[in-house]
Amino acid sequence: LRTAASAAVAADVLARPDSTVLAIIGGGVQGHSHLTAFADLRPWSSVRIASRSGGSAFALAARHPAAIATGFEEAVRGADVICLTTDADHAVIEPEWVKPGAHIGSVGNRAELHEGFTRGTVFVEWAAAAGTPPPAGAVELLHVPAERVVELGTVLSSGHPGRTSADEITVYKSTGHAIEDAAAARWYATGAGAAAGHDPEAAYRLWGKVRDLAEGHDDDSVGVALSA
């Protein structure tokens, strides 16, 4: 859930406010978590689900009244926000499918993000993700110069503008960070996670916790998360 919550924070600050079409690529655990975390992020008029498993796509689509299961390209073309949630070891979408002004979030731990999406600014949880090999870093970011990698916390704290134009394709690549694990652990340790499977607001409480911690990120952030 913390991975989807972080991706939702990124989409909230980087996606266009007028976004109405959501695409989720991947019908596994992360696909389900993303649908939960993103459900009320924008007033979605259409939610498109694509997966290598047709059954998984239909099962995920059944959870949202505006969702349909479709093909990869069909899901992406015209989408405002695109969530990549696969374990693929190759690119799962092509740059030419993505419209100007879209936001892309990638949480896969292999190589699902096409290199064409990393030629501009890439937003991350922590800057070292771009120079650190997996599993701590992301293979898609190993070639990205440090000056083009921006921590999401910098955007949240107004140190970076985030999206710079209506037509910019914004890209967020998740690699995870101990601060998020600490926030999630504390959330569960206090008993707040007990009703997560039955409470539609659970994802947003974790989302808010991760966002608060990202805004105050420093060397002692993990300790702060555990003691907050």
Side-chain angles (χ1 to χ4, degrees), residues 1-8 10-11 14-15 21-35 37-38 46-61 67-146 148-150 152 168-177 180:
L1 186 56
R2 62 89 165 162
T3 300
S6 298
L14 297 173
V21 179
L22 172 66
I24 298 178
I25 308 300
V29 171
Q30 285 300 330
H32 281 264
S33 295
H34 274 65
L35 183 58
F38 279 69
S46 174
V47 178
R48 305 165 181 178
I49 311 294
S51 173
R52 288 172 293 182
S53 165
S56 296
F58 280 105
L60 182 53
I68 61 168
T70 186
F72 282 55
E73 183 173 355
E74 292 80 7
V76 170
R77 286 196 180 274
D80 300 303
V81 176
I82 302 160
C83 302
L84 306 182
T85 70
T86 78
D87 62 357
D89 58 7
H90 60 276
V92 295
I93 67 172
E94 299 294 327
E96 57 264 30
W97 300 352
V98 179
K99 75 173 189 177
H103 170 74
I104 300 170
S106 168
V107 303
N109 63 357
R110 294 187 181 177
E112 66 180 6
L113 187 65
H114 193 289
E115 65 178 0
F117 296 120
T118 61
R119 292 173 182 161
T121 301
V122 181
F123 297 90
V124 297
E125 292 122 319
W126 64 303
T132 304
V139 65
E140 299 107 317
L141 302 183
L142 289 177
H143 68 284
V144 180
R148 288 202 279 104
V149 176
V150 176
L152 185 60
E168 179 183 3
I169 295 175
T170 54
V171 178
Y172 166 73
K173 179 62 191 182
S174 172
T175 59
H177 193 283
E180 298 165 0

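The model shown is predicted, which means the values in this text are computed figures rather than measured ones.
- Taking CD from Gln30 and CG from Leu84, the interatomic distance works out to 12.0 Å, rounded to the nearest 0.5 Å.
- Checked by atom type and distance alone, the side chain of Arg48 never pairs as donor or acceptor with a backbone atom of Ala23 at under 3.5 Å.
- Distance check, rounded to the nearest 0.5 Å: CG of Leu14 to CZ of Phe123 gives 5.0 Å.
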Let me see the working for Val149 and Leu141 under side-chain contact (heavy atoms from CB on, under 4.5 Å), right down to the final yes or no.
-> CA-CA 9 Å; Val149 176; Leu141 302 183; 5.8 Å; no
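- For the atom pair CD1 (Ile25) and CD (Glu73), the distance works out to 11.0 Å, reported to the nearest 0.5 Å.
- Here the side chains of Glu125 and Thr175 are in contact, with some heavy-atom distance below 4.5 Å.
- Nearest heavy-atom pair across Arg148 and Gly120 is NH1-O, 2.8 Å.
- The shortest heavy-atom contact between His34 and Ala7 is NE2-CB, 3.5 Å.
- Nearest heavy-atom pair across Thr132 and Leu142 is O-CD2, 3.7 Å.
- Smallest separation of non-hydrogen atoms from Asp87 and Arg110: O-CD, 3.0 Å.
- Ile49 contributes atom CD1, which lies 8.5 Å from atom OG1 of Thr85 (distance to the nearest 0.5 angstrom).
- The local environment of CZ in Phe72 is crowded, with over 12 non-hydrogen atoms from other residues, nucleotides or ligands closer than 6.0 Å.
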Going through the distances and angles, do Trp97 and Ile82 end up as a side-chain contact (heavy atoms from CB on, under 4.5 Å)?
-> CA-CA 11 Å; Trp97 300 352; Ile82 302 160; over 6 Å; no
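- In this structure, Lys173 and Leu113 approach most closely via the heavy-atom pair CD-CD2, 4.3 Å.
- Within the model, atoms OG of Ser174 and CG of Asn109 stand 10.0 Å from one another, a figure rounded to the nearest 0.5 Å.
- Thr86 and Glu112 are linked by a side-chain donor-acceptor pair at a separation below 3.5 angstrom, with hydrogens and angles left out of the test.
- With contacts defined as side-chain heavy-atom distances shorter than 4.5 Å, the pair His32/Leu60 qualifies.
- From Phe38, atom CZ reaches atom CD1 of Ile24 across 7.5 Å, with rounding to the nearest 0.5 Å.
- Checked by atom type and distance alone, the side chain of Asp89 never pairs as donor or acceptor with a backbone atom of Ala111 at under 3.5 Å.
- Taking each heavy atom of Gly116 and Pro95 in turn, the nearest pair found is CA-CG, 4.3 Å.
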